[in-house]
Amino acid sequence: MYYGYGYGYGMDPWFILLIVAMIFSMVAQTKVSSTFNKYSRVRNRAGFTGAQVATQMLQNAGIYDVSVQRVAGNLTDHYDPRTKTLRLSQGVYDSMSVAALGVAAHETGHAIQHDVGYAPLALRSFFVPLANFGSRLAFPLIVIGFIVAGGGSTLVTLGILFFSLSVAFTVITLPVEFNASHRAIDLLVADGFLTSDEIGGAKKVLSAAAMTYVAAAFAAVVQLLRLIAIFGRRDD
C-alpha cells in the first residue's frame with residue numbers, strides 16, 4: 001500500500017497537470033487584461049458608451065425591468081438575475097471604447113438569457129449556493145479526514161463530493177459564458193453599435209475573457225481528479 005503523492009518513485013502526473021492548469025490560468029488572466037487595455041484605447045465610431053449600449057440592447061429585446069448601474073472596480077461587470085441588475089464597471093459604463101461595448105454587450109447577453117429562460121443559466125443559478133456550500137466545506141473535511149484516518153474515511157469522501165459541486169459549477173459556466181458572448185457579437189453588429197471592421201476588437205476581448213473560464217474549469221477538473229487519484233490509492 002503506497003501513501004505517497006507520486007506514482008511509485010515518479011512525480012504525480014496530476015500534479016504536473018495542475019501546474020499546467022495554473023500556468024494556463026495566469027496566461028489567460030494576463031491575456032484578458034492586455035487585450036481589454038488595448039481595445040480600451042480604440043473609440044467606437046458611433047460614440048456609444050457601454051451604458052448606452054446595454055440600455056438600448058435591453059430595450060431592443062423588449063426587456064424593461066432590468067436596471068443598468070455603475071459599479072466600482074476594474075472588470076467587475078456582471079448581471080445579477082436575483083435583482084435583475086446589470087452592473088458595469090467604471091471602465092465600461094462611461095467608456096466609448098470597443099472593449100467597453102464588448103463587455104457591456106456580453107453582460108446584456110446574460111440578461112437576455114435570463115429573460116428567455118436559457119436553461120444553462122438557470123442550472124448555473126441553481127448551482128451557486130451548492131457550489132458555495134461545497135467550496136467552504138470540501139477541504140476542511142478532507143484535511144480532518146486525512147488527520148483522523150489517514151485519508152481513507154467517509155469525511156474525505158464527503159469532502160471530495162462537496163468539492164465536485166464547485167467543479168460542476170465551473171463546467172456549467174462555460175456554455176453560459178460562450179453563449180452570452182455569441183449573443184453580444186451578433187447584437188453589436190445587428191443593432192449597429194459596431195461596424196464590421198470594429199467588431200474584431202470586441203471579439204478578441206470576449207474570446208480572451210472566455211479563456212479565463214476555460215482555464216478555471218480545467219484547473220478545477222484536474223484538482224478533483226487528483227484528489228480522487230490520491231485518496232483512491234489510500235483506500236487500496
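Position 1 is the first residue of the sequence, and the numbers go up from there.
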Do the side chains of [Y] and [X] get nearer than 4.5 Å, heavy atoms only?
X: H110; Y: R183; value: no
X: S97; Y: R43; value: no
X: F163; Y: L227; value: yes
X: Q59; Y: Q56; value: yes
X: R124; Y: E177; value: yes
X: Q52; Y: T49; value: yes

Nearest heavy-atom neighbours spanning [X] and [Y]:
X: I63; Y: V66; value: CG2-CG2, 3.6 Å
X: A208; Y: V32; value: CB-CA, 3.8 Å
X: L188; Y: A202; value: CD1-CB, 4.2 Å
X: A180; Y: Q113; value: N-NE2, 3.3 Å
X: G102; Y: A184; value: O-CB, 4.4 Å

Just by modelled atom types, is the [Y] backbone N or O under 3.5 Å from a matching donor or acceptor in the [X] side chain?
X: T76; Y: A72; result: yes
X: D115; Y: A111; result: no
X: N44; Y: M96; result: yes
X: S33; Y: T30; result: no
X: T212; Y: A209; result: yes
X: S95; Y: V92; result: no
X: S34; Y: K31; result: yes

Answer yes if [X] and [Y] sit in the same cluster of Ile, Leu, Val, Met, Phe, Trp and Tyr residues linked by side chain heavy atoms under 4.5 Å apart, and no otherwise.
X: L121; Y: F178; result: no
X: L75; Y: L86; result: yes
X: V176; Y: M211; result: no
X: V214; Y: L18; result: yes
X: V128; Y: Y118; result: no

How about F48 and F193: are their ring centroids closer than 6.0 Å?
->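 So the answer is yes for these two rings.
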Considering residues at least two apart in sequence or located in another chain, which fulfil the salt bridge (charged side-chain N to carboxylate O under 4.0 Å, His left out) criterion with [X]?
X: R70; answer: D94
X: E107; answer: none
X: K84; answer: D65

Pairing residues for F162 by the ring pair (Phe, Tyr, Trp, His ring centres under 6.0 Å) criterion, not counting sequence neighbours |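 Partners of F162 under the ring pair (Phe, Tyr, Trp, His ring centres under 6.0 Å) test: F133.
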Report the C-alpha separation of R45 and T195 in whole Å, then their side-chain angles, then the decisive distance to 0.1 Å, and conclude whether the side-chain hydrogen bond (donor to acceptor under 3.5 Å, both in side chains) test is met.
-> CA-CA 8 Å; R45 294 191 186 96; T195 62; 3.0 Å; yes
Looking just at side-chain N and O atoms, do S89 and D77 make a donor-acceptor pair shorter than 3.5 Å?
->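 Their side chains do contain a donor-acceptor pair, which is all the 3.5 Å distance test asks for.
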Quickly, which of V71, T108, V53, V68 forms a side-chain contact (heavy atoms from CB on, under 4.5 Å) with L88? Name it, please.
->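 When V71, T108, V53, V68 are each tested with L88, the side-chain contact (heavy atoms from CB on, under 4.5 Å) holds only for V68.
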Would I160 and I228 satisfy side-chain contact (heavy atoms from CB on, under 4.5 Å), going step by step from the backbone distance to the final call?
-> CA-CA 7 Å; I160 293 174; I228 293 172; 4.0 Å; yes
Which pairs of donor and acceptor atoms, one on a side chain in residues 135-145, lie under 3.5 Å apart (sequence neighbours left out)?
from: S135; atom 1: OG; to: A131; atom 2: O; distance (Å): 3.1
from: S135; atom 1: OG; to: N132; atom 2: O; distance (Å): 3.0

If you measure from [atom1] on [X] to [atom2] on [Y], what distance do you get to the nearest 0.5 Å?
X: F36; Y: N74; atom1: CZ; atom2: CG; value: 6.5 Å
X: L194; Y: L187; atom1: CG; atom2: CG; value: 11.5 Å
X: S164; Y: L225; atom1: OG; atom2: CG; value: 11.0 Å
X: Y39; Y: L206; atom1: OH; atom2: CG; value: 12.0 Å

Please, which pairs that meet ring-ring contact (aromatic ring centres under 6.0 Å, His included) have at least one residue in residues 53-104, sequence neighbours excluded?
->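 The answer is Y79-H114.
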